[in-house]
Amino acid sequence: MTQVNDVAEQLKSEADEPGWEVDPDDDWGVAVVAMVGRQLKLRREAKGMRAGEFGEAVGYGEALVFKVEGGMRIPRPEYLDRADEVLGAGGLLSAMKQDVAKVRYPKKVRDIADGEGRAVELQLYDPLNIHGLLQTPQYARGLLMMRRPAYAEDEVEKFIAARVARKAIFERDPAPELSFIVEEWTLRRPLGGPAVLRRQLEHLLLLAQLRNVELQVMPMDREEHAGVDGGIEVLKFVDGSAVGRSPVVSNGRQVSEPRQLRILEMRYGIVRAQALTPRESMAHIKQLLGET
(Lines give C-alpha, C1' and ligand atoms only; values in the text may rest on other atoms or scores of the structure.)
Protein backbone atom coordinates (compact mmCIF):
# COMPACT_ATOMS: atom_id res chain seq x y z
CA MET A 1 0.00 0.00 0.00
CA THR A 2 2.90 2.32 0.81
CA GLN A 3 4.36 1.77 -2.67
CA VAL A 4 1.03 2.66 -4.30
CA ASN A 5 0.82 5.85 -2.24
CA ASP A 6 4.39 6.77 -3.20
CA VAL A 7 3.54 6.38 -6.89
CA ALA A 8 0.40 8.48 -6.43
CA GLU A 9 2.32 11.27 -4.71
CA GLN A 10 4.95 11.24 -7.45
CA LEU A 11 2.31 11.53 -10.17
CA LYS A 12 0.57 14.37 -8.36
CA SER A 13 3.79 16.38 -8.09
CA GLU A 14 4.76 15.63 -11.69
CA ALA A 15 1.35 16.73 -12.92
CA ASP A 16 2.13 20.28 -11.83
CA GLU A 17 5.43 20.45 -13.69
CA PRO A 18 5.72 22.88 -16.62
CA GLY A 19 5.97 21.58 -20.16
CA TRP A 20 2.74 19.53 -20.22
CA GLU A 21 0.40 22.19 -21.57
CA VAL A 22 -1.02 21.86 -25.08
CA ASP A 23 0.10 24.45 -27.62
CA PRO A 24 -3.17 25.88 -29.03
CA ASP A 25 -1.42 26.72 -32.33
CA ASP A 26 -0.34 23.10 -32.88
CA ASP A 27 -3.33 21.64 -34.72
CA TRP A 28 -1.93 18.10 -34.82
CA GLY A 29 -1.02 18.17 -31.14
CA VAL A 30 -4.41 19.54 -30.13
CA ALA A 31 -6.16 16.80 -32.13
CA VAL A 32 -4.05 14.01 -30.60
CA VAL A 33 -4.54 15.14 -27.00
CA ALA A 34 -8.27 15.69 -27.58
CA MET A 35 -8.64 12.19 -29.02
CA VAL A 36 -6.75 10.60 -26.12
CA GLY A 37 -8.81 12.60 -23.63
CA ARG A 38 -12.06 11.40 -25.22
CA GLN A 39 -10.89 7.79 -25.08
CA LEU A 40 -9.98 8.14 -21.42
CA LYS A 41 -13.32 9.68 -20.55
CA LEU A 42 -15.35 7.09 -22.50
CA ARG A 43 -13.52 4.21 -20.88
CA ARG A 44 -13.79 5.74 -17.40
CA GLU A 45 -17.52 6.27 -17.78
CA ALA A 46 -18.00 2.79 -19.22
CA LYS A 47 -16.26 1.48 -16.10
CA GLY A 48 -18.74 3.41 -13.97
CA MET A 49 -16.05 5.48 -12.25
CA ARG A 50 -16.41 9.11 -11.21
CA ALA A 51 -13.57 11.48 -12.11
CA GLY A 52 -12.51 11.85 -8.48
CA GLU A 53 -12.50 8.10 -7.92
CA PHE A 54 -10.49 7.53 -11.09
CA GLY A 55 -8.08 10.33 -10.18
CA GLU A 56 -7.39 8.75 -6.81
CA ALA A 57 -6.71 5.42 -8.51
CA VAL A 58 -4.16 6.84 -10.97
CA GLY A 59 -2.66 9.43 -8.63
CA TYR A 60 -4.12 12.65 -10.07
CA GLY A 61 -6.47 15.17 -8.59
CA GLU A 62 -10.00 15.42 -9.99
CA ALA A 63 -9.30 18.80 -11.62
CA LEU A 64 -6.37 17.42 -13.53
CA VAL A 65 -8.38 14.40 -14.66
CA PHE A 66 -10.89 16.83 -16.19
CA LYS A 67 -8.05 18.76 -17.85
CA VAL A 68 -6.60 15.61 -19.41
CA GLU A 69 -9.99 14.37 -20.56
CA GLY A 70 -10.84 17.81 -21.88
CA GLY A 71 -7.70 17.90 -24.02
CA MET A 72 -6.17 20.76 -22.03
CA ARG A 73 -3.29 18.80 -20.49
CA ILE A 74 -0.85 16.31 -22.02
CA PRO A 75 -1.01 13.07 -20.02
CA ARG A 76 2.29 11.69 -18.78
CA PRO A 77 3.32 8.17 -19.89
CA GLU A 78 2.82 6.96 -16.31
CA TYR A 79 -0.71 8.35 -16.35
CA LEU A 80 -1.61 6.35 -19.46
CA ASP A 81 -0.05 3.19 -18.04
CA ARG A 82 -1.97 3.53 -14.78
CA ALA A 83 -5.18 4.40 -16.64
CA ASP A 84 -4.73 1.36 -18.88
CA GLU A 85 -4.38 -0.84 -15.80
CA VAL A 86 -7.24 0.71 -13.82
CA LEU A 87 -9.66 0.74 -16.77
CA GLY A 88 -8.64 -2.69 -18.08
CA ALA A 89 -7.85 -1.33 -21.56
CA GLY A 90 -5.55 -4.22 -22.43
CA GLY A 91 -2.68 -2.03 -23.55
CA LEU A 92 -4.68 0.23 -25.87
CA LEU A 93 -4.22 3.33 -23.73
CA SER A 94 -0.54 2.60 -23.10
CA ALA A 95 -0.06 2.28 -26.86
CA MET A 96 -0.95 5.97 -27.21
CA LYS A 97 2.22 7.06 -25.38
CA GLN A 98 4.33 7.43 -28.51
CA ASP A 99 2.05 9.92 -30.24
CA VAL A 100 1.31 11.73 -26.97
CA ALA A 101 5.03 12.10 -26.28
CA LYS A 102 5.50 13.86 -29.63
CA VAL A 103 2.89 16.48 -28.70
CA ARG A 104 5.29 17.90 -26.11
CA TYR A 105 7.77 18.82 -28.81
CA PRO A 106 7.35 22.06 -30.78
CA LYS A 107 6.11 21.43 -34.33
CA LYS A 108 9.39 22.66 -35.85
CA VAL A 109 11.33 20.18 -33.73
CA ARG A 110 8.97 17.34 -34.69
CA ASP A 111 9.60 18.07 -38.36
CA ILE A 112 13.36 18.03 -37.78
CA ALA A 113 13.16 14.78 -35.82
CA ASP A 114 11.04 13.18 -38.55
CA GLY A 115 13.70 13.93 -41.17
CA GLU A 116 16.48 12.72 -38.90
CA GLY A 117 14.53 9.55 -38.16
CA ARG A 118 14.24 8.67 -41.87
CA ALA A 119 17.73 9.67 -42.98
CA VAL A 120 20.41 7.07 -43.70
CA GLU A 121 23.21 9.65 -43.79
CA LEU A 122 23.46 13.00 -42.01
CA GLN A 123 26.06 15.75 -42.41
CA LEU A 124 25.72 18.36 -39.67
CA TYR A 125 27.69 21.52 -38.92
CA ASP A 126 26.65 24.16 -36.38
CA PRO A 127 29.05 27.12 -36.09
CA LEU A 128 27.42 28.59 -32.97
CA ASN A 129 26.77 25.70 -30.60
CA ILE A 130 27.37 22.01 -30.08
CA HIS A 131 24.76 20.35 -32.31
CA GLY A 132 21.50 19.43 -30.60
CA LEU A 133 21.96 15.70 -31.27
CA LEU A 134 25.24 15.83 -29.35
CA GLN A 135 24.05 17.82 -26.34
CA THR A 136 23.55 16.43 -22.86
CA PRO A 137 20.27 17.52 -21.19
CA GLN A 138 22.29 19.67 -18.75
CA TYR A 139 24.15 21.44 -21.55
CA ALA A 140 20.91 21.92 -23.49
CA ARG A 141 19.35 23.54 -20.44
CA GLY A 142 22.33 25.86 -20.01
CA LEU A 143 22.08 26.86 -23.66
CA LEU A 144 18.32 27.38 -23.60
CA MET A 145 18.53 29.49 -20.44
CA MET A 146 20.76 31.94 -22.34
CA ARG A 147 17.95 32.82 -24.76
CA ARG A 148 16.83 36.46 -24.76
CA PRO A 149 13.98 37.18 -24.55
CA ALA A 150 13.91 34.29 -22.13
CA TYR A 151 11.93 31.14 -22.78
CA ALA A 152 9.18 30.29 -20.31
CA GLU A 153 10.04 27.33 -18.07
CA ASP A 154 7.52 25.08 -19.85
CA GLU A 155 9.12 25.96 -23.21
CA VAL A 156 12.57 25.04 -21.86
CA GLU A 157 11.24 21.69 -20.64
CA LYS A 158 9.62 20.96 -24.00
CA PHE A 159 12.80 21.73 -25.93
CA ILE A 160 14.90 19.57 -23.61
CA ALA A 161 12.45 16.67 -23.87
CA ALA A 162 12.51 16.98 -27.66
CA ARG A 163 16.30 16.97 -27.84
CA VAL A 164 16.51 13.92 -25.60
CA ALA A 165 13.97 12.10 -27.78
CA ARG A 166 15.92 12.91 -30.96
CA LYS A 167 18.88 10.96 -29.55
CA ALA A 168 17.03 7.76 -30.48
CA ILE A 169 18.83 8.17 -33.81
CA PHE A 170 21.96 6.73 -32.16
CA GLU A 171 20.05 3.53 -31.30
CA ARG A 172 18.55 2.87 -34.72
CA ASP A 173 19.21 -0.45 -36.44
CA PRO A 174 20.51 -0.27 -39.09
CA ALA A 175 22.35 2.78 -37.84
CA PRO A 176 22.59 5.88 -40.06
CA GLU A 177 25.96 7.37 -40.94
CA LEU A 178 26.44 10.51 -38.85
CA SER A 179 29.03 13.19 -39.54
CA PHE A 180 29.42 16.17 -37.19
CA ILE A 181 31.72 19.18 -37.33
CA VAL A 182 31.95 21.21 -34.12
CA GLU A 183 33.77 24.47 -33.50
CA GLU A 184 36.51 24.36 -30.87
CA TRP A 185 35.26 27.52 -29.22
CA THR A 186 31.89 25.86 -28.50
CA LEU A 187 33.83 23.18 -26.60
CA ARG A 188 35.50 25.81 -24.43
CA ARG A 189 32.44 27.87 -23.49
CA PRO A 190 31.20 26.62 -20.07
CA LEU A 191 27.46 27.06 -20.53
CA GLY A 192 25.80 25.89 -17.33
CA GLY A 193 29.14 25.83 -15.49
CA PRO A 194 32.42 23.89 -15.66
CA ALA A 195 30.87 20.64 -14.40
CA VAL A 196 28.23 20.72 -17.16
CA LEU A 197 30.91 21.37 -19.79
CA ARG A 198 33.01 18.50 -18.46
CA ARG A 199 30.09 16.06 -18.72
CA GLN A 200 29.40 17.37 -22.22
CA LEU A 201 32.97 16.73 -23.34
CA GLU A 202 32.87 13.23 -21.84
CA HIS A 203 29.62 12.61 -23.72
CA LEU A 204 31.21 13.68 -27.00
CA LEU A 205 34.06 11.22 -26.48
CA LEU A 206 31.58 8.40 -25.93
CA LEU A 207 29.60 9.24 -29.05
CA ALA A 208 32.77 9.61 -31.12
CA GLN A 209 33.58 5.96 -30.41
CA LEU A 210 30.42 4.72 -32.16
CA ARG A 211 31.23 3.06 -35.49
CA ASN A 212 28.66 5.08 -37.41
CA VAL A 213 29.70 8.47 -35.97
CA GLU A 214 32.46 10.73 -37.25
CA LEU A 215 33.08 13.74 -35.04
CA GLN A 216 35.50 16.42 -36.19
CA VAL A 217 36.65 19.58 -34.46
CA MET A 218 37.35 22.81 -36.34
CA PRO A 219 40.25 24.35 -34.36
CA MET A 220 40.30 28.05 -33.59
CA ASP A 221 43.72 28.60 -35.17
CA ARG A 222 42.65 27.69 -38.72
CA GLU A 223 43.43 30.49 -41.18
CA GLU A 224 41.01 29.07 -43.77
CA HIS A 225 37.40 28.23 -42.99
CA ALA A 226 34.70 27.56 -45.60
CA GLY A 227 31.94 27.59 -42.99
CA VAL A 228 32.02 31.24 -42.00
CA ASP A 229 28.67 31.90 -43.71
CA GLY A 230 26.70 29.65 -41.38
CA GLY A 231 25.63 26.13 -40.52
CA ILE A 232 25.12 23.25 -42.92
CA GLU A 233 22.69 20.36 -42.72
CA VAL A 234 22.34 17.61 -45.33
CA LEU A 235 20.07 14.58 -44.85
CA LYS A 236 20.11 11.69 -47.33
CA PHE A 237 17.37 9.05 -47.55
CA VAL A 238 17.24 5.41 -48.59
CA ASP A 239 15.50 6.19 -51.91
CA GLY A 240 18.40 8.40 -53.00
CA SER A 241 16.65 11.70 -52.30
CA ALA A 242 18.08 14.33 -49.99
CA VAL A 243 17.25 17.62 -48.30
CA GLY A 244 19.51 20.34 -46.96
CA ARG A 245 19.50 23.64 -45.14
CA SER A 246 21.91 26.55 -44.69
CA PRO A 247 21.48 30.30 -44.05
CA VAL A 248 23.26 31.14 -47.33
CA VAL A 249 21.10 28.90 -49.53
CA SER A 250 17.47 29.85 -50.16
CA ASN A 251 17.44 32.06 -47.04
CA GLY A 252 17.77 29.07 -44.74
CA ARG A 253 14.72 27.23 -46.07
CA GLN A 254 14.92 23.49 -46.64
CA VAL A 255 15.99 22.65 -50.20
CA SER A 256 15.94 19.47 -52.28
CA GLU A 257 16.95 20.76 -55.71
CA PRO A 258 20.16 18.97 -56.89
CA ARG A 259 22.07 22.16 -57.74
CA GLN A 260 21.50 23.65 -54.30
CA LEU A 261 22.32 20.37 -52.59
CA ARG A 262 25.61 20.18 -54.48
CA ILE A 263 26.55 23.60 -53.10
CA LEU A 264 25.81 22.46 -49.54
CA GLU A 265 27.72 19.21 -49.94
CA MET A 266 30.67 21.03 -51.51
CA ARG A 267 30.84 23.49 -48.62
CA TYR A 268 30.49 20.72 -46.06
CA GLY A 269 33.23 18.70 -47.73
CA ILE A 270 35.64 21.65 -47.67
CA VAL A 271 34.90 22.43 -44.00
CA ARG A 272 35.37 18.77 -43.19
CA ALA A 273 38.75 18.71 -44.94
CA GLN A 274 39.85 21.85 -43.08
CA ALA A 275 38.89 20.42 -39.67
CA LEU A 276 40.90 17.98 -37.57
CA THR A 277 40.54 14.30 -38.47
CA PRO A 278 38.28 12.20 -36.20
CA ARG A 279 41.31 10.73 -34.42
CA GLU A 280 42.90 14.16 -33.96
CA SER A 281 39.55 15.52 -32.80
CA MET A 282 39.22 12.90 -30.04
CA ALA A 283 42.72 13.73 -28.83
CA HIS A 284 41.87 17.44 -28.86
CA ILE A 285 38.67 16.91 -26.86
CA LYS A 286 40.61 14.85 -24.31
CA GLN A 287 43.07 17.74 -24.01
CA LEU A 288 40.22 20.20 -23.46
CA LEU A 289 38.72 17.84 -20.90
CA GLY A 290 41.98 17.92 -18.98
CA GLU A 291 41.82 21.72 -18.89
CA THR A 292 38.29 21.91 -17.40
Side-chain angles (χ1 to χ4, degrees), residues 1-119 137 154-155 157-174:
M1 186 67 179
T2 302
Q3 185 178 4
V4 172
N5 289 336
D6 289 344
V7 171
E9 288 302 316
Q10 180 184 8
L11 288 174
K12 286 174 183 176
S13 63
E14 289 174 344
D16 295 327
E17 289 180 353
W20 297 91
E21 298 82 6
V22 185
D23 182 356
D25 296 325
D26 182 357
D27 293 339
W28 181 84
V30 169
V32 168
V33 175
M35 181 273 294
V36 172
R38 284 196 299 270
Q39 286 295 318
L40 287 165
K41 182 177 181 181
L42 288 171
R43 289 182 177 275
R44 174 180 63 77
E45 292 178 341
K47 198 76 171 178
M49 298 182 73
R50 295 181 179 275
E53 181 185 1
F54 173 72
E56 184 176 352
V58 298
Y60 272 74
E62 184 177 10
L64 279 166
V65 170
F66 283 130
K67 285 185 178 181
V68 170
E69 292 182 350
M72 295 179 289
R73 188 81 172 178
I74 303 170
R76 294 183 64 92
E78 298 90 338
Y79 181 99
L80 292 174
D81 285 337
R82 291 284 294 146
D84 193 278
E85 179 183 348
V86 170
L87 300 176
L92 294 177
L93 293 177
S94 292
M96 298 178 179
K97 288 188 292 185
Q98 185 174 359
D99 281 340
V100 170
K102 293 178 182 178
V103 177
R104 288 196 70 199
Y105 317 149
K107 184 179 184 302
K108 178 181 178 181
V109 177
R110 284 205 307 268
D111 292 341
I112 292 173
D114 178 67
E116 293 171 346
R118 293 185 295 109
D154 66 316
E155 291 180 296
E157 295 302 324
K158 286 181 179 180
F159 276 115
I160 292 175
R163 292 189 184 184
V164 170
R166 287 167 61 197
K167 294 180 184 296
I169 193 171
F170 293 105
E171 302 170 0
R172 275 173 47 193
D173 187 16

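Heavy atoms only: backbone and side chains are in, while hydrogens, waters and symmetry mates are out.
- The side chain to side chain contact (heavy atoms under 4.5 Å, CB included) search around Ala165 returns Tyr105, not counting sequence neighbours.
- Summarising the geometry, atom CD belonging to Glu62 is positioned 4.5 Å from atom CZ belonging to Phe66; distances are rounded to the nearest 0.5 Å.
- Residues satisfying the side chain to side chain contact (heavy atoms under 4.5 Å, CB included) criterion with Lys41, sequence neighbours excluded, are Arg44, Glu45, Glu69.
- Under the rule for a side chain to side chain contact (heavy atoms under 4.5 Å, CB included), the partners of Val68 that lie at least two apart in sequence or sit in another chain are Leu40, Arg73, Pro75, Tyr79.
- Minimum interatomic distance between Glu53 and Gly48 (heavy atoms only, all atoms of both residues): OE1-O, 4.4 Å.
- Put simply, CZ on Arg118 and CZ on Arg172 are 10.0 Å apart, with the number rounded to the nearest 0.5 Å.
- Between Leu92 and Gln39 there is no side-chain heavy-atom pair separated by less than 4.5 Å.
- The side chain to side chain donor-acceptor pair (under 3.5 Å) pairs that include a residue from residues 89-98 are Asp81-Ser94, Asp81-Lys97, where partners are two or more places apart or lie in different chains.
- With contacts defined as side-chain heavy-atom distances shorter than 4.5 Å, the pair Lys47/Val86 does not qualify.
- Here Glu85 pairs with Arg82 in a salt bridge; the nearest charged N to carboxylate O distance falls below 4.0 Å.
- For Asp99, there are no salt bridge (Lys or Arg N to Asp or Glu O under 4.0 Å) partners at least two apart in sequence or on another chain.
- Between Gly90 and Asp84 the shortest heavy-atom distance is N-OD1, 3.6 Å.
- Heavy atoms from other residues, nucleotides or ligands lying under 6.0 Å from CZ of Arg50 number 12 at most.
- The CG atom of Leu80 lies 11.0 Å from the CD1 atom of Ile74; values are rounded to the nearest 0.5 Å.
- By the side chain to side chain contact (heavy atoms under 4.5 Å, CB included) test, Met72 pairs with Lys67, sequence neighbours left out.
- Within the 4.5 Å cutoff, no side-chain heavy atoms of Arg43 are placed close to those of Phe54.
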